[in-house]
Amino acid sequence: MNQPQDILAGLNTRQKEAVVTTEGPLLIMAGAGSGKTRVLTHRIAYLIHEKQVNPWNILAITFTNKAASEMKTRVSDLVTEGGTDVWVSTFHSMCVRILRREIDQIGYSRSFTIAAGSEQKTLMKRVLKTLNLDPKKFSVNAMLGEISNAKNQLINDRDYMRNAVTYWQKTVAKCYVEYQSELRKAETLDFDDLIMLTVRLFEENDELLAYYQRKFQYIHVDEYQDTNHAQYRLVELLGQRFKNVCVVGDADQSIYGWRGADMSNILDFEKDYPEAKSIFLEQNYRSTKNILQAANTVIENNPNRKEKKLWTDNQPGDKITVYFAGDEYAETEYVAEQIRSLMTTDSTLNYDDFAILYRTNAMSRVMEETLRKRRIPFQIIGGTGYYERKEILDLMAYLTLIVNPADDLSFRRVVNEPKRGIGAATIDKLTDIALMNDVSLYEAALQAQNTNLSARAANNLESFAHMIQDFRKMTEFVTITDLVESILDKTGYLDVLKKDNTLESDARIENLEEFYSLTENFDRVADEDENSLLEFLTDLALIAPTDDIEEESTEVTLMTLHSAKGLEYPYVFIIGVEDTIFPLIRQDSDEEDLEEERRLAYVGITRAERKLFLTNASSRMLYGRRLYNRTSPFIRELDDEVVEIERPTDAASYKTGNYNNPFKKRAISGTPVPGAASKSTRRKKHHPVGVGAEKEDWTVGDKVKHGKWGIGTIIQIKGEDKDMQLDIAFPSEGIKPLLASFAPITKIEKE
DNA sequence: CCCGAGCCCCTTTTT
DNA sequence: GGGGCTCGGG
C-alpha cells in the first residue's frame, strides 16, 4: 500500500510537482477547490516516506485546529508510521506549545493563562476608567483593535509609546502600557501576545532559535494569504536556516485584513525568497462550471488583483438561483422550502448537504426561527455562543484562577459570584492593599485578616481564598470533571441557580451540565503527567467556532461567510445579499474594504459544489431598525447567463417585493437609474424629530457637507425619524448609505 | 451591600 | 432588539 507511487497516484501534473518539490522555498497558489489540502498531506507523506525526513522535523501550520487534526489523520493514513509526530497546528497553538516550554526566559510564568474576547474587554474597560478616559471618545473596541494591530506589527507598548505622535496615539499608548502591565501582573497573555512574544523569544535568544530552526527543517503554511506581519516574521525566523518554506494560499481568498492579515505576504513571497519556485493550481474539482463562472466574474471586478482563472472539467450544472424576497421572514421561508423540496425530490440528500451562510451573525436569528418552525434540524457555528455565556465564563474564571492564582481578572470575576458579601468597596480596598504589597488579589485575600479591612469583609475574602486554595490542591488528584462538580457545589453556584427556579436559571444549569461533556471528553484522553487543567483551559481558549462542527450530524449548517472558509457543501445558500449588508458598508469603508468584501463573496460562492442560491430581502429588520436595501452589487456582477431569478409567487409577498431589477444596468457604476427608488420611500415628508441629521428636512438633490468625505448629493431618502437613511453620492467616494441620526453631515445653503 | 428599574449604548467578520 | 451599566431605594 504505502509505496511512493501511491503517494503520487491520483494527483494531476501540477499537484505532483508541488508534492515532489521539497527543497527550497515554494509558493503554491491554490485556487478554491484545487486540492491544496491533498497536496499538503501528500507532500508531508512524501517527505517522510520518500525523502526519509523525520516526522518531527516537519512543521505544518493550518488555520484552525480542526484543519490541523484532519491533516494529521490524513498524513497518518498515508504513511506507515510517525504521522502523528509531525507538528501540525495553528500559529497560536504552536506558539503556546513553544511558550509553555520557554517563556520563563523572558520573565513570564510557564503556567500563564490566556485572555480571550470578553476578558480583554473587561480589562480594557477598567484601564479606560483608571486613566479617566471618556468612553465615548475612546471605545473599548477601538482601543483593543488598535493595540491588536500594533501587536500584529510586532510593536510592543514601549515602542508604541515612543512613536506616538497624535493625541489619539498618545492616548492609545497610555492604555496599551496599562493594559499590558495588568496582563503581565496576571501572568496572562492575549492572542496577539502569543505570536509577538514567541517572535521576541526567538529574536532575543539565538540558541533557542537555532534549536527550533534545526527542528523544523520543512515548514508548511496553509492559508498564507491570511497571515499577519508577526506570523510572517515567525515563519521567516524559523525558515532561515533550511529555507524549506512551503506556503499555500490564494490571494483572492484573503478575508482577514481587519485582523491584521497582510495579503502582500503572499504576493511578495517571490521577492522575499528570490530562489522560490511557484506552482499554480487552477483546476477546480469541487464546483460546477456555472458556479465557477459566477465566482470568476465576481472576483474579476477587483481592480488590484493578480490575474488568475479557475477552470473545471465538471458539468455545467444548475444555474445560480437569485431570489428576491419581501422581507427577512419571506427570505428564510424560501430557504427552508428549498431545502425541504430538494430533499423530497432527491432522497439521497441529507440535511448536512446544506449550508446557509451570512455576513453577520445577527442574521442567523430569523433563519433559526424559521428552521425551528419548519422542523429542519440545524447547527449554528460561532456567534455569541456557548463560550460567551455568563455561567460558562464564570466557571472558566474559577478554573483559571485555580490554575493561575495571579490572574486578577478571573479573581475579580468570581470573587463575589455567587454573592458572598464582597462588594465593590471591599474590592477597591483589596486592590490598594495588593498594589502596595506587590502581590496578587488572591494573595492579598489570603491575608486579609492582617489589614484594615472590616472583620466581616476580611473573613469573607479569606474563606474565598481558602476555598480556591483547596480547589488548587484537589487538581493534583481529581479529574477536571470532578473538579468542576466540586466547584459548582462548594461555591454554592448551582444552589443559587436551583433556588432561582426560573426559565433562565434552568437554561444556565443546562449549559453548565453541557460543560461536563467537554470535561469528560478531555479527561478521557488527558495525560496523567501534564498539568491537565492548564491544558484544558488552553484548548478552550484557542478553539475556533468551526472546530465545533459536528461531522457526523445530519443537520443543516449555519455560519458566517468567514467561518465557511475551507469548507464545502453540495448546496449553499448565501442570505442577505444586499447592498450595505453584503458588501457590508460602514461609514469609514473604503475601496480596499469593498475588495475584501468581494473576496468574501468569492469565498462564499466557491463553497458550493452543486448548486448555489443567493437570496435577499427588500426590507429587513436589523439591530432594531427596519432597513430598505438595494440589491447587492455582487449580484449585479454575475453573468446573466449563469443566473436564474426567482421571485415570490404569492401576491401578498410580491407586494413588498424588491421592485428594483438588479440587472437594469446603471448609468454610471454605483449611480442608480433615475426613478429607481421605490415610490413609497422617495417623496415623504420628513418632520424634524430627534437629535441627529434626521431632524433636518431633506429632499433628494440636496447638497450636504460630510465631515470626512466633503461635499455630496442626496440621491435617496429611506425611512424616517431615527430610522432615516440617506444615500449620498460623493464625487470621490461613490455612494454612501448613511444613517441620518449618526451621520456627521450638514446641509449646504444655496448661494 | 444588594437588587431592581430604567437608561443607555451599540451593532462585522475571529485566532 | 437586547444586553450592560448606573442610579436609587431597601
Side-chain angles (χ1 to χ4, degrees), chain A residues 61-68 89-96 114-118 120-122 125 129 135-136 139-142 144-145 148 151-152 189-195 223 226-228 230-231 254-261 357-366 381-385 387-390 416-427 454 456-457 460 504 538-547 559-565 576 580-589 593 596-597 599-600 603-604 620-627 739 741-742:
Chain A
I61 293 169
T62 58
F63 201 69
T64 62
N65 296 300
K66 186 165 169 254
S89 73
T90 64
F91 271 109
H92 291 89
S93 301
M94 173 181 81
C95 289
V96 168
I114 299 164
S118 61
Q120 290 174 276
K121 281 192 185 177
T122 313
K125 265 180 218 156
K129 212 168 189 175
K136 277 177 194 157
S139 81
V140 169
N141 283 336
L144 285 173
S148 174
K151 289 182 176 179
N152 290 333
L189 311 194
D190 67 15
F191 279 119
D192 305 312
D193 285 335
L194 295 174
I195 316 282
E223 307 284 9
D226 281 322
T227 52
N228 60 38
Q231 293 164 336
S254 168
I255 55 175
Y256 283 96
W258 51 275
R259 203 169 86 177
L357 312 179
Y358 34 79
R359 179 61 179 83
T360 65
N361 283 303
M363 291 173 53
S364 70
R365 256 200 38 225
V366 178
I381 306 305
T384 319
Y387 297 104
E388 292 290 308
R389 305 232 168 91
K390 182 189 177 319
N416 201 30
E417 192 67 63
K419 305 278 176 272
R420 42 176 80 90
I422 303 173
T426 307
I427 298 299
S454 75
R456 227 186 75 151
N460 290 341
E504 195 198 333
T538 306
D539 284 359
L540 285 191
L542 297 182
I543 215 163
T546 46
D547 293 341
M559 69 190 134
T560 63
L561 287 144
H562 281 88
S563 289
K565 186 173 80 157
T580 74
I581 290 190
F582 188 31
L584 186 80
I585 306 287
R586 314 188 75 207
Q587 296 216 0
D588 55 352
S589 295
D593 294 326
E596 181 153 314
E597 294 288 319
R599 291 193 292 270
L600 191 56
V603 168
R620 108 169 33 244
M621 191 74 109
L622 209 59
Y623 306 123
R625 286 197 162 87
R626 187 147 286 280
L627 300 178
L739 214 47
S741 56
F742 293 157

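No experiment lies behind these values; they were computed from the predicted model shown. So you know, we letter chains A, B, ... as the sequences are listed, proteins then strands, and number each from 1.
For Q231(A) and dT15(B), the CD to P distance is 12 Å, given to the nearest whole Å. Atom pair I585(A):CD1 and dT11(B):P shows a separation of 18 Å (rounding to whole Å applied). Taking atom CE of residue M94(A) and atom P of nucleotide dT15(B), one finds them 17 Å apart after rounding to whole Å. Rounded to an integer number of Å, the gap from CE of M621(A) to P of dG2(C) is 10 Å. Going from atom CD of E223(A) over to atom P of dT13(B) covers 20 Å, rounded to whole Å. Between the CZ atom of R599(A) and the P atom of dT13(B) there is a distance of 18 Å, rounded to whole Å. We find that CG of L627(A) is positioned 16 Å from P of dT11(B), with the value rounded to whole Å. For the pair D192(A) CG and dT15(B) C1', the computed distance is 9 Å after rounding to whole Å.
Using a 4.0 Å heavy-atom cutoff across all strands shown, K129(A) reaches sugar-phosphate atoms only and no base atom. Contact annotation for A425(A): backbone-only contact, meaning every heavy-atom pair under 4.0 Å involves sugar-phosphate atoms and none involves a base. Counting non-hydrogen atoms under 4.0 angstrom, Y256(A) reaches the backbone sugars and phosphates but no base. Heavy atoms of N141(A) sit under 4.0 angstrom from primed sugar atoms or phosphate atoms, though from no base atom. Residue contacts shown for T426(A) are limited to sugar-phosphate atoms, with no base heavy atom under 4.0 Å away.
Minimum atom distance to the side chain of R259(A) is reached by dT14(B), of the listed dC1(B), dC3(B), dT14(B). When distances are taken from the side chain of R365(A) to each of dC2(B), dT12(B), dG2(C), the shortest belongs to dG2(C). In the set dT15(B), dT13(B), dT11(B), the nucleotide with an atom closest to the side chain of H562(A) is dT13(B). For T360(A), taking side-chain heavy atoms from C-beta onward, the closest of the listed nucleotides dT15(B), dT12(B), dG2(C) is dT12(B).
Between R586(A) and dT12(B) there is a side-chain N or O to OP1 or OP2 distance below 4.0 Å. Here S93(A) does not reach the OP1 or OP2 of dT15(B): none of its side-chain N or O atoms lies under 4.0 Å away. Proximity of T560(A) to the phosphate of dT12(B): no side-chain N or O atom is located under 4.0 Å from OP1 or OP2. At least one side-chain nitrogen or oxygen of N416(A) sits closer than 4.0 Å to the OP1 or OP2 atom of dC2(B). Note on N361(A): every side-chain N or O is 4.0 Å or more away from OP1 and OP2 of dT12(B). Close to dC5(C), at under 4.0 Å from its OP1 or OP2, lies a side-chain N or O of K125(A).
With K151(A) as the fixed residue, the side-chain hydrogen bond (donor to acceptor under 3.5 Å, both in side chains) test singles out one of D192(A), N228(A), D190(A): D190(A).
Taking for each of R456(A) and H92(A) the nucleotide of DNA chain B with the nearest heavy atom, the 5'-most of the two is the partner of R456(A). Each of L542(A) and R420(A) was matched to the nucleotide of DNA chain B holding its nearest heavy atom; the match closer to the 5' end belongs to R420(A).
With hydrogens and angles ignored, the 3.5 Å screen pairs no side-chain donor or acceptor of S148(A) with any backbone N or O of L144(A). Of the possible donor and acceptor atoms, none in the side chain of N361(A) sits under 3.5 Å from a partner among the backbone N and O of T560(A). Side chain of H562(A) to main chain of I255(A): a donor-acceptor pair is present (N/O by atom type, distance under 3.5 Å, no hydrogens or angles).
Once the 5.5 Å centre distance and the 30° plane angle are applied, the aromatic ring of W258(A) is found stacked with the base of dT13(B).
Here the CE-CZ distance, from M621(A) to R365(A), works out to 10.0 Å after rounding to the nearest 0.5 Å.
Across the P atoms, dG4(C) and dT13(B) are found 16 Å apart, a figure rounded to whole Å.
Classified by interplanar angle (parallel below 30°, tilted 30° to 60°, perpendicular above 60°), the ring pair F63(A)/Y256(A) is tilted.
Side-chain contact between R359(A) and L600(A): present, with at least one pair of heavy atoms (C-beta onward) separated by less than 4.5 Å.
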